[in-house]
Amino acid sequence: MNKDSETIKAVQNSRRPTDTMPALAQQIQESSLSILLTYVDNLFSTCDDLFFDLSSRAASNNEQNLYFESMRELRVKKNGVVESFKHNIEQNFTDAIHPQQNNVHELSSDTTKPLSLVHEDEIEQKVAITGMTSKARANNQEALYQLTTRLDYLVPTNSITENNNPVDPQQLCQSFASACDLLSINIKAKIILFKQFDRLVINRVANIYSHANDLLIKAGVIPNITPQIKNPDNGNTAPKAANSNDAELNPAQDAYDFAELSQLLTTMRQLGMNLIPDYRAYSNNPGPIMNNEDLLATLTLLQAQLPNYSDGSIPASEESKIREIVDSILQEN
């Protein structure tokens, strides 16, 4: 039995039952794996062609052997890498839901060692993983936020964050990097493999997040998640208004709008007709800013004086009267 077969058997034997996993989490795990494994299969096919091409165009025998041996290694170890990657993703879900079992699962090498003791190849690999993670998180910020929020609501036994979300880019990249430890290839070839993983898998994870969010929404798990904005007064976060009509119910908002309109009318008077087309200047009587009450009372009176249709619209014949009354308002103030 070769090393690849032994790895597959060991992974299969180490699986824990998922009977205690919420049904929705199980569905998300299965759908995510289905998408990921399709992407990874395409990744290996692409890298096989890529290493063959690089080998045929190599500038030296050493470089040719590097790419050729990398191609051969990927072909021999493909099944083991894929199975290990699949197991790591499944373990991510189990660890997120049952944090007390985290101690049996380690994806990456010991990061507590001093930097001087970490091999240069490991540093280069970590830099590649960090770059992939940061870019993917930025590109999928909103979808990831919604998915993490819903998973946190779904899982009562643990707090779900970006650092333990099973399908967060960080977990996906680390899971793949850990699976690639099975490959005995040069770091140069491994970085090429990671770049293809970034291009063919990580750049397409939006499909995973979209499908997972849809599953949770259809199941009624926080169907509506409003993005949060910072309140400049106290630094706390507050949800955006869910309905634009809410402003109409807020008297303070009405006061602000009339004050703004009053200021606008005064500014228009001061600018003059040269800056505003079809504007009648009142330079001889700029007047003070109308207070909110006076402006509201005047406009209310204007509305009461004008006939209107049942739908609330104003007849075309009355439009000239509106201009005359507004003119009088501006001249008197």
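Reckoned from all heavy atoms, side chains included, excluding hydrogens, waters and symmetry mates.
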By side chain to side chain contact (heavy atoms under 4.5 Å, CB included), Q196 pairs with (sequence neighbours left out) L43, T46, C47, L50, R199, L200

Could you grab the distance from atom [atom1] of [X] to atom [atom2] of [Y], nearest 0.5 Å is fine?
X    : Y    : atom1 : atom2 : value
L54  : S56  : CG    : OG    : 7.5 Å
T133 : L172 : OG1   : CG    : 8.5 Å
S60  : N65  : OG    : CG    : 8.5 Å

Please report the shortest heavy-atom distance between [X] and [Y], naming the atom on each side.
X    : Y    : value
C173 : F197 : CA-CE2, 4.1 Å
L151 : P166 : CD1-CD, 4.2 Å
I202 : V205 : O-CG2, 3.1 Å
L182 : S84  : CD1-CB, 4.1 Å
A177 : I129 : CB-CD1, 3.4 Å
A206 : N140 : CB-OD1, 3.4 Å

Starting from the C-alpha separation in whole Å, work towards a yes-or-no answer on side-chain contact (heavy atoms from CB on, under 4.5 Å) for M132 and K195.
CA-CA 8 Å; M132 288 189 286; K195 287 182 178 179; over 6 Å; no

Are side-chain N/O atoms of [X] and [Y] paired as donor and acceptor at under 3.5 Å?
X    : Y    : result
E142 : Q146 : yes
D168 : T148 : no
Q91  : D95  : yes

Please tell me if the side chains of [X] and [Y] come closer than 4.5 Å, counting only heavy atoms from C-beta onward.
X   : Y   : result
S32 : I89 : no
F44 : V82 : yes
D41 : K78 : yes

Let's go through D48 and L74 carefully: what are the C-alpha distance in whole Å and the side-chain angles of both, what is the deciding distance for side-chain contact (heavy atoms from CB on, under 4.5 Å) to 0.1 Å, and is it a yes or a no?
CA-CA 7 Å; D48 186 271; L74 257 62; 5.9 Å; no

Using side-chain contact (heavy atoms from CB on, under 4.5 Å), reason through E162 and Q170 one step at a time and then give a plain yes or no.
CA-CA 8 Å; E162 66 175 11; Q170 176 176 274; over 6 Å; no

Ignoring hydrogens and geometry, is there a side-chain-to-backbone donor-acceptor pair from [X] to [Y] under 3.5 Å?
X   : Y    : answer
E73 : L183 : no
S70 : A189 : no
S55 : F51  : no

Parallel, tilted or perpendicular for F194 and F176, by the 30°/60° rule?
perpendicular

How far apart are the C-alpha atoms of L144 and R137, what are their side-chain angles, what is the distance that settles it, and do they pass the side-chain contact (heavy atoms from CB on, under 4.5 Å) test?
CA-CA 7 Å; L144 269 171; R137 281 178 171 174; 4.1 Å; yes

Any side chain to side chain donor-acceptor pair (under 3.5 Å) involving residues 204-220? Give me the pairs, sequence neighbours left out, ordered by first then second residue.
Y39-N207, R150-N213

Pair D198 + K135: basic N to acidic O under 4.0 Å:
yes

Name all residues meeting the side chain to side chain donor-acceptor pair (under 3.5 Å) criterion together with E63; count only those two or more places apart in sequence or in a different chain, and write none if there are none.
none

